[in-house]
Student: 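Before we start, here is the structure in question, set down as structure tokens.
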Amino acid sequence: MTDIKEKLNEYIRFTEDNLKKYNLHSEAMAAQKNLIDAMNYSLEAGGKRIRPVLVYAFCNALGGDHRNACAPAAAIEMIHTFSLIHDDLPAMDDDDYRRGKPSCHKAFGEAMAILAGDALSVQPFEIIADDDHLSSEQKVKIISCLAKAVGRAGMIGGQVIDMENEERTDVNEADLRNMYRHKTGQLIAVSCMMGCICAGADDGTISAAADYGFKLGLAFQIVDDILDVTSTTEVLGKPVGSDEEENKTTFVTLYGVEKAQEIANAVTDEALGCLEKFGNDAFLTALTEMLLRRKN
């Protein structure tokens with residue numbers, strides 16, 4: 001387990017260094033200083049960095065060099081961060097804190113937060129297109145997969161489903177699974193897919209990685225549902241009890257904490273089963289189990 005933690009920390013450090021490299025201040029963009037500050041404020045706020053870690057881990061599991069996956073790994077973290085900035089806005093979840101710090105709109109104002117999120121939603125495609133490690137074919141494949149995972153059929157579509165579900169009183173488990181697949185699962189699945197593409201994997205292997213990612217995303221979101229009622233603001237780094245306040249149906253409101261945990265356990269087992277295609281990679285197996293047991 002010590003080796004696994006060391007590898008995780010190595011991937012996280014690599015992610016932090018890359019994120020700083022891709023969004024530096026420059027004389028040419030002196031007039032946009034406040035925008036870059038707002039982008040970096042949220043990018044550098046910490047977090048688990050699970051999505052870039054999955055990019056690196058799948059690349060390595062297939063015999064690739066994770067250092068060649070730095071652009072898509074940074075890209076997915078930028079996309080994730082943009083979604084969090086917009087999610088915290090008053091028009092969305094109206095959360096004042098993220099990762100233990102004031103949300104971007106609280107630190108920089110709503111207009112600048114919206115623009116910082118906008119900038120972080122498009123910069124990923126620039127850094128992938130300009131990357132020196134990937135072939136043209138890999139870039140096109142990654143950009144296509146990432147765009148689909150973010151847009152109307154992906155994470156943003158999931159946000160819409162989530163928002164409209166708040167107005168419903170008949171949300172069931174199938175509705176929740178559909179919403180979680182889009183809102184959370186798509187970005188996690190595409191992280192796994194991009195790692196495979198960076199390693200030169202075939203379409204069957206990429207598809208198998210996506211299957212794992214969707215299952216991991218579902219388990220991840222169910223655990224989030226549980227933590228929203230069992231954790232504290234200090235431990236979680238964001239307000240707890242927000243699901244109930246916003247009238248959200250979750251696996252906990254449907255089934256209670258104990259049954260929700262049983263479902264998370266079962267879905268995690270399904271995700272672990274998907275790793276057989278990847279030689280039951282030790283790091284990915286340990287990461288999957290760790291995310292089930294997480295406290296924040």
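Just so it is clear, the values below take in all heavy atoms, side chains as well, and ignore hydrogens, waters and symmetry mates. Counting from 1, the numbers follow the sequence of the chain as shown.
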Student: Going by atom types only, do Tyr255 and Glu262 share a side-chain donor-acceptor pair under 3.5 Å?
Tutor: no
Student: Does the side chain of Phe283 reach to within under 4.5 Å of the side chain of Val53, using non-hydrogen atoms?
Tutor: yes
Student: Which atom names give the shortest non-hydrogen contact between Cys196 and Leu62, and what distance separates them?
Tutor: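 Closest approach of Cys196 to Leu62, heavy atoms only: SG-CD1, 3.6 Å.
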Student: Applying the 4.5 Å side-chain criterion to the ILVMFWY set and letting contacts propagate, would Tyr97 and Leu43 be lumped into a single cluster?
Tutor: no
Student: Does Asp202 have more than 12 heavy atoms from other residues, nucleotides or ligands lying within 6.0 Å of its CG?
Tutor: yes
Student: Hey, does Asp87 have a side-chain heavy atom less than 4.5 Å from the side chain of Asp95?
Tutor: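 No, every pair of side-chain atoms sits at 4.5 Å or beyond.
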Student: Which is it for Asp65 and His133 under the side-chain contact (heavy atoms from CB on, under 4.5 Å) test, yes or no, and what are the steps along the way?
Tutor: CA-CA 10 Å; Asp65 184 344; His133 298 100; over 6 Å; no
Student: For Leu8 and Met290: C-alpha separation, side-chain torsions, deciding distance, then whether side-chain contact (heavy atoms from CB on, under 4.5 Å) applies.
Tutor: CA-CA 11 Å; Leu8 176 61; Met290 181 195 77; 4.0 Å; yes
Student: Once rounded to the nearest 0.5 Å, what's the spacing between atom OG1 of Thr15 and atom CZ of Arg51?
Tutor: 12.0 Å
Student: Less than 4.0 Å between a side-chain N and a carboxylate O, is that true for Asp162 and Lys248?
Tutor: yes
Student: Side chain of Ser144, backbone of Val140: donor and acceptor closer than 3.5 Å?
Tutor: no
Student: Are Phe214 and Ile263 connected in a single hydrophobic cluster, I mean Ile/Leu/Val/Met/Phe/Trp/Tyr linked by side-chain heavy atoms less than 4.5 Å apart?
Tutor: no
Student: Do Gln261 side-chain atoms and Glu258 backbone N/O form a donor-acceptor pair below 3.5 Å?
Tutor: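 No, Gln261 side chain to Glu258 backbone: no donor-acceptor pair under 3.5 Å.
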Student: Do Cys198 and Ile142 pass the side-chain contact (heavy atoms from CB on, under 4.5 Å) test, and can you show the C-alpha distance, the side-chain angles, and the key distance before you say yes or no?
Tutor: CA-CA 9 Å; Cys198 289; Ile142 287 171; 4.1 Å; yes
Student: Taking the inter-plane angle between the rings of Phe82 and His86 on a 0 to 90° scale, is it parallel (under 30°), tilted (30 to 60°) or perpendicular (over 60°)?
Tutor: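 Perpendicular: the ring planes of Phe82 and His86 meet at over 60°.
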Student: Hey, mind stepping through Gln221 and Phe251 against side-chain contact (heavy atoms from CB on, under 4.5 Å) and telling me if it holds?
Tutor: CA-CA 9 Å; Gln221 191 60 57; Phe251 274 81; over 6 Å; no
Student: Please answer whether the main-chain N or O of Lys106 pairs with a side-chain N or O of Ser103 as donor and acceptor at a distance below 3.5 Å.
Tutor: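 No.
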Student: Can a donor-acceptor pair be found, under 3.5 Å and without considering hydrogens, that links the side chain of Asn40 to the backbone of Asn23?
Tutor: yes
Student: Does Lys21, at its NZ atom, have more than 12 non-hydrogen atoms belonging to other residues, nucleotides or ligands within less than 6.0 Å?
Tutor: yes
Student: For the pair Asp175 (side chain) and Asn172 (backbone), establish whether a donor and an acceptor sit closer than 3.5 Å, ignoring hydrogens and angles.
Tutor: yes
Student: Report yes or no: do Tyr180 and Ile79 belong to one cluster of Ile/Leu/Val/Met/Phe/Trp/Tyr joined by side chain heavy-atom distances under 4.5 Å?
Tutor: no
Student: Looking at Arg13 and Asp17, is there a salt bridge between them, counting it only when a charged N and a carboxylate O are closer than 4.0 Å?
Tutor: no
Student: Do Thr205 side-chain atoms and Ala201 backbone N/O form a donor-acceptor pair below 3.5 Å?
Tutor: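 Not confirmed, Thr205 side chain does not pair with Ala201 backbone.
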Student: Are Val55 and Leu19 connected in the hydrophobic side-chain network, where two residues link if heavy atoms are under 4.5 Å apart?
Tutor: yes
Student: Quick check: closest heavy atoms across Cys70 and Asn18, and the distance to 0.1 Å?
Tutor: CB-ND2, 3.3 Å
Student: Under 3.5 Å, is there a donor-acceptor pair linking the side chains of Asn165 and Arg168?
Tutor: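 There is such a pair between these side chains.
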Student: Salt bridge or not between Asp211 and Lys277? Use side-chain N to carboxylate O under 4.0 Å.
Tutor: no
Student: Under a 3.5 Å distance rule, please check whether Thr288 uses its side chain to pair with a backbone N or O of Leu284 as donor and acceptor.
Tutor: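 Here the side-chain-to-backbone pair exists.
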Student: Taking the side chain from Glu77 and the backbone from Arg49, do they hold a donor-acceptor pair closer than 3.5 Å?
Tutor: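 No; judged by distance alone, with no hydrogens or angles, the pair does not exist.
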Student: Answer whether the closest heavy-atom distance between the side chains of Asp94 and Asp88 falls below 4.5 Å.
Tutor: no
Student: From Glu270 CD over to Lys215 NZ, what is the distance, rounded to the nearest 0.5 angstrom?
Tutor: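 Between atom CD of Glu270 and atom NZ of Lys215 there are 4.5 Å.
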Student: Report yes if some heavy atom in the side chain of Tyr22 is under 4.5 Å from a heavy atom in the side chain of Met78; otherwise report no.
Tutor: yes
Student: Quick one, Asp37 and His25 - any side-chain contact, counting heavy atoms below 4.5 Å?
Tutor: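 Yes - at least one pair of side-chain heavy atoms lies under 4.5 Å apart.
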Student: Return the minimal non-hydrogen interatomic distance between Ala210 and Ala189, and the atom names on each side.
Tutor: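 For Ala210 and Ala189, the tightest heavy-atom pair comes out as O-CB, 3.8 Å.
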Student: Is it the case that the side chain of Thr285 and the backbone of Asp281 share a donor-acceptor pair, with hydrogens and angles ignored and the cut-off at 3.5 Å?
Tutor: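 Yes: the side chain of Thr285 pairs with the backbone of Asp281.
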Student: Contact between Arg177 and Leu218 at the side-chain level, heavy atoms closer than 4.5 Å - yes or no?
Tutor: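 In short, these two side chains touch, coming nearer than 4.5 Å.
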Student: Hey, what do you get for NZ (Lys139) to CG (Leu146), rounding to the nearest 0.5 Å?
Tutor: 14.5 Å
Student: Does a salt bridge link Glu10 with Lys7, judged by any charged N lying under 4.0 Å from a carboxylate O?
Tutor: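 Yes.
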Student: To the nearest 0.5 Å, how far apart are CZ in Phe58 and CZ in Phe278?
Tutor: 5.0 Å
Student: If we only count heavy atoms from C-beta on, is the Ile76 to Met194 side-chain gap below 4.5 Å?
Tutor: yes
Student: For Phe220, is the NZ or CZ atom of Arg294 found under 6.0 angstrom from the centre of its six-membered ring and inside 45 degrees of the ring axis?
Tutor: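 Relative to the ring axis of Phe220, which defines the angle, Arg294 lies inside both limits.
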Student: Output yes when Lys141 and Glu137 qualify as a salt bridge under the 4.0 Å nitrogen-oxygen rule, no when they do not.
Tutor: no
Student: Does His80 have any ring-ring contact (aromatic ring centres under 6.0 Å, His included) partners at least two apart in sequence or in another chain, and if so, which?
Tutor: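 ring-ring contact (aromatic ring centres under 6.0 Å, His included) list for His80, sorted by chain: empty.
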Student: Taking all non-hydrogen atoms of both residues into account, name the closest pair between Pro90 and Glu110 and its distance.
Tutor: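 Taking Pro90 first and Glu110 second, the nearest heavy atoms are CG-OE2, 3.4 Å.
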Student: Answer yes or no: is there a side-chain heavy-atom contact under 4.5 Å between Asn68 and Leu134?
Tutor: no
Student: Angle between ring planes, Phe108 versus Tyr41, binned at 30° and 60°: parallel, tilted or perpendicular?
Tutor: perpendicular
Student: Minimum heavy-atom separation for Cys274 to Tyr212, with atom names?
Tutor: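 Taking Cys274 first and Tyr212 second, the nearest heavy atoms are CB-CB, 3.8 Å.
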Student: Report the distance from atom NZ of Lys33 to atom OG of Ser26, rounding to the nearest 0.5 Å.
Tutor: 12.5 Å
Student: Between the main-chain N or O of Val252 and the side-chain N or O of Thr250, is there a donor-acceptor pair closer than 3.5 Å?
Tutor: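 Confirmed, Thr250 side chain pairs with Val252 backbone.
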Student: I need the minimum non-hydrogen distance between Val223 and Ala264, along with the two atoms involved.
Tutor: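 Closest approach of Val223 to Ala264: CG2-CB, 4.2 Å.
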Student: Is there a path from Met92 to Leu120 through hydrophobic residues (I, L, V, M, F, W, Y) whose side chains come within less than 4.5 Å of each other?
Tutor: no
Student: To the nearest 0.5 Å, how far apart are CE in Met193 and CD in Gln186?
Tutor: 8.5 Å
Student: Taking atom NZ as the centre, does Lys48 end up with more than 12 heavy-atom neighbours from other residues, nucleotides or ligands that are less than 6.0 angstrom away?
Tutor: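 Counting neighbours around NZ of Lys48, more than 12 heavy atoms of other residues, nucleotides or ligands fall under 6.0 Å, so yes.
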